[in-house]
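Keep in mind that this is a model prediction, so the values were computed, not measured.
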Amino acid sequence: MAVAFDEMNGLGEDLRPAYQELSRWLKETPPDALEYRRQEAELLFRRIGITFAVYGDAEAQERLIPFDVIPRIMSATEWTLLEKGLKQRVLALNMFLKDIYHGRDILRANVIPEDLIFQNPVFRPEMNGQDVPHDIYVHIAGIDIIRTDPDNFIVLEDNARTPSGVSYMLENREIMMRLFPDLFARHRVAPVERYPDELLSALRSVAPHSASAEPTVALMTPGVYNSAYYEHSFLADKLGIELVEGRDLIVKNDEVFMRTTEGLKRVDVIYRRVDDDFLDPLTFRPDSALGVPGLMSAYAAGNITLANAVGTGIADDKAIYSYMPDIVKFYLSEEPILKNVQTWRCREAQDLSYVLDNLADLVVKEVHGSGGYGMLIGPAATKATIEAFRDKLKREPESFIAQPTLALSTCPTCTDKGLAPRHVDLRPFVLTGSSHTTIVPGGLTRVALKEGSLVVNSSQGGGTKDTWILSE
């Protein structure tokens, strides 16, 4: 694997401009002072109660995501490029979703094979021909970005269903401001605190036309046992909206109401953190206790906005991801600003043959996988694991894609042995309202804390960092 690009020192020993002040500060700060503040940060996170659950982990129901106190820093110029590319990509995603549930021009033009859509378990035939308010499907997108050199940001995956992690972006910033005011004073860091206001404004702007002048927004959670419940309650609190479960909502005459102490109150927009399958037992899984009977009929009648829209899962599919450059060109007649990682589709015989011959060098992912589960990282895998994956690929090639093992960029990180480079990625959050798209400057930087590891997911032992975008 190639040498990783270090965001502080570049590819050699040249300190990059954005990191000059941090470098000075690190030289002036004794290691024990840094360690003391690191422990203080951990204490604060424990006190706030920011945890996430790891499914299937018997030892620890709730875990603290490790937080690294060394910020990741980007210049205003880098951010401007990234922001432009993210807006372009999310616009294309929204146009793609509208098209596949309506005119299907992209399929008629043979840009994407039909079976990849219609035989896809996350394609929702119930959405065929159904209009959604303001034609917006993805109101909140979390686009995972990596770097391999100073000039290029590359999209690793698109999260268009229910992207999570924004509470960590906000809490990381708050804790850094409390613990490192001296470091903040030396930088002009663009604020992320306005995210809740931007989100609420975007959600209100996409209310159905039948809504009142002050639309009512609610956040729908599967409940306290969900791994991201902390984030659901945190966001509802920050937005000043009700946190509801399916049982708190009722549908009457194709309108959705929530039960309140003063009786029923109409809801216009639901920011839902519940998967499609569980939304409405009359339309999807009849055994769902999390949903609201009749919600889809209110949706079809145009009386409720669901953010994100039903059926957006097709845009998260990793085989669809491989067509994103073509999707951008098809709808926008523009070259994609953000590149994709080179991807082999195992459903295609030629690609499968290449992947089987080179398994030890590739990363293989399930097309519907997430959270770093069900992956093969060839260079780090045992022979037995590689052979087991080979059998899986031969049995179900259409369920997998493969990518080269990229040297993700590194950032300085606190470790037991002092500061050391660790691999990172970035998830900026893109908000699309009825009239404009907003991205607060920053996002969630995830860091692989194990030396040499490329897996940044919290479920696989990764941590997070505050992301600083420097103002001009």
Side-chain angles (χ1 to χ4, degrees), residues 52-56 93 96-98 100-101 115-133 136-142 157-165 218-229 231-232 235 243-251 254 256 258 267 269-301 303-321 365-374 396 398-399 459:
F52 75 105
V54 179
Y55 294 123
L93 277 171
F96 165 70
L97 285 161
K98 182 187 178 185
I100 59 164
Y101 289 114
D115 67 302
L116 204 52
I117 304 291
F118 299 136
Q119 288 175 28
N120 202 310
V122 289
F123 176 73
R124 293 289 174 208
E126 300 84 358
M127 292 297 290
N128 284 340
Q130 177 167 333
D131 293 330
V132 300
I136 298 164
Y137 286 77
V138 183
H139 309 84
I140 303 119
E157 61 184 50
D158 302 292
N159 295 286
R161 257 178 290 200
T162 48
S164 62
L219 192 151
M220 183 180 175
T221 175
V224 293
Y225 298 110
N226 183 268
S227 66
Y229 181 74
E231 175 156 296
H232 306 164
L235 281 173
L243 179 68
V244 297
E245 294 181 37
R247 61 187 176 197
D248 302 319
L249 301 173
I250 187 169
V251 175
D254 287 344
V256 182
M258 64 181 164
V267 179
V269 181
I270 296 176
Y271 174 19
R272 51 103 176 195
R273 299 294 290 258
V274 175
D275 288 343
D276 289 358
D277 272 341
F278 300 97
L279 276 177
D280 182 346
L282 301 181
T283 305
F284 302 119
R285 283 181 58 156
D287 62 344
S288 169
L290 304 175
V292 185
L295 181 61
M296 287 300 286
S297 65
Y299 194 34
N303 292 328
I304 186 85
T305 298
L306 296 176
N308 288 341
V310 174
T312 52
I314 194 92
D316 283 4
D317 181 287
K318 289 178 176 61
I320 296 289
Y321 157 91
K365 301 176 183 176
E366 292 180 9
V367 292
H368 300 304
S370 65
Y373 294 105
E396 302 174 61
E398 69 289 345
S399 300
S459 52

Least distance between heavy atoms, Phe284 atom then Asp277 atom: CB-O, 3.2 Å

Before giving the answer on side-chain contact (heavy atoms from CB on, under 4.5 Å), spell out for Asn303 and Val256 the whole-Å C-alpha distance, their side-chain angles and the decisive distance to 0.1 Å. CA-CA 8 Å; Asn303 292 328; Val256 182; over 6 Å; no

Just by modelled atom types, is the Ala160 backbone N or O under 3.5 Å from a matching donor or acceptor in the Thr312 side chain? yes

Atom CZ of Arg161 and atom CG of Asp316: how far apart are they, to the nearest 0.5 Å? 4.5 Å

Note: Lys318-Glu157 ion pair, threshold 4.0 Å (strictly below): yes

What's the shortest heavy-atom distance between Pro222 and Val274, and which atoms? N-CG2, 3.7 Å

Gap between atom CZ of Arg273 and atom OG1 of Thr162 - 0.5 Å precision: 6.0 Å

Between CG on residue Leu295 and CD1 on residue Ile304, distance to nearest 0.5 Å: 6.5 Å

Mind checking what makes side chain to side chain contact (heavy atoms under 4.5 Å, CB included) contact with Ala141, not counting sequence neighbours? Val90, Val138, Ile143, Val430

Can you list the residues that meet the side chain to side chain donor-acceptor pair (under 3.5 Å) rule with Thr221, with sequence neighbours excluded? His232

Set out, in order, the CA-CA distance, both residues' side-chain angles and the distance that settles side-chain contact (heavy atoms from CB on, under 4.5 Å) for Val132 and Met127, then state yes or no. CA-CA 9 Å; Val132 300; Met127 292 297 290; 3.7 Å; yes

Tell me the closest heavy-atom pair linking Pro163 and Ile140, and the distance in Å. CG-O, 3.4 Å

Can you tell me how far the CZ atom of Phe278 sits from the CG atom of Asp287, to the nearest 0.5 Å? 7.0 Å

Gap between atom CD1 of Ile100 and atom CZ of Phe118 - 0.5 Å precision: 8.0 Å

Pairs flagged by side chain to side chain donor-acceptor pair (under 3.5 Å) wherever residues 288-300 is involved - sequence neighbours left out: Asp254-Ser297

Check the pair Leu306, Leu279 against side-chain contact (heavy atoms from CB on, under 4.5 Å), reporting the backbone distance first and the verdict last. CA-CA 10 Å; Leu306 296 176; Leu279 276 177; 4.3 Å; yes

Please list, chain by chain and in numerical order, all residues satisfying side chain to side chain donor-acceptor pair (under 3.5 Å) with Asp275, sequence neighbours excluded. none

Shortest non-hydrogen separation from Leu93 to Ala315 and the atoms involved: CD2-CB, 3.7 Å

According to side chain to side chain contact (heavy atoms under 4.5 Å, CB included), who are the partners of Pro293, at least two apart in sequence or on a separate chain? Pro281, Leu282

Tell me every residue that passes side chain to side chain contact (heavy atoms under 4.5 Å, CB included) with Thr305, counting only those two or more places apart in sequence or in another chain. Pro133, His139, Val206, Pro208, Val269

Quick one: list whatever passes salt bridge (Lys or Arg N to Asp or Glu O under 4.0 Å) with Glu245, sequence neighbours left out. Arg247

Of all residues at least two apart in sequence or in a different chain, which pass the side chain to side chain donor-acceptor pair (under 3.5 Å) check with Asp276? Arg124, Arg272

Grab the two heavy atoms, one from Met258 and one from Val244, that are nearest each other, plus how far apart they are. SD-CG1, 4.0 Å

All heavy atoms of Ala319 vs all of Leu116, minimum pair found to be CB-CD1, 3.9 Å

Sequence-distant partners of Asn128, side chain to side chain contact (heavy atoms under 4.5 Å, CB included), two or more places apart: Tyr101, Arg104, Phe123, Pro125

Nearest-0.5 Å distance, CD1 of residue Ile314 to CD1 of residue Ile117: 4.5 Å

Would you call Leu249 and Ile270 a side-chain contact if the rule is heavy atoms closer than 4.5 Å? yes

Could you list the residues that satisfy side chain to side chain donor-acceptor pair (under 3.5 Å) with Gln130, not counting sequence neighbours? none

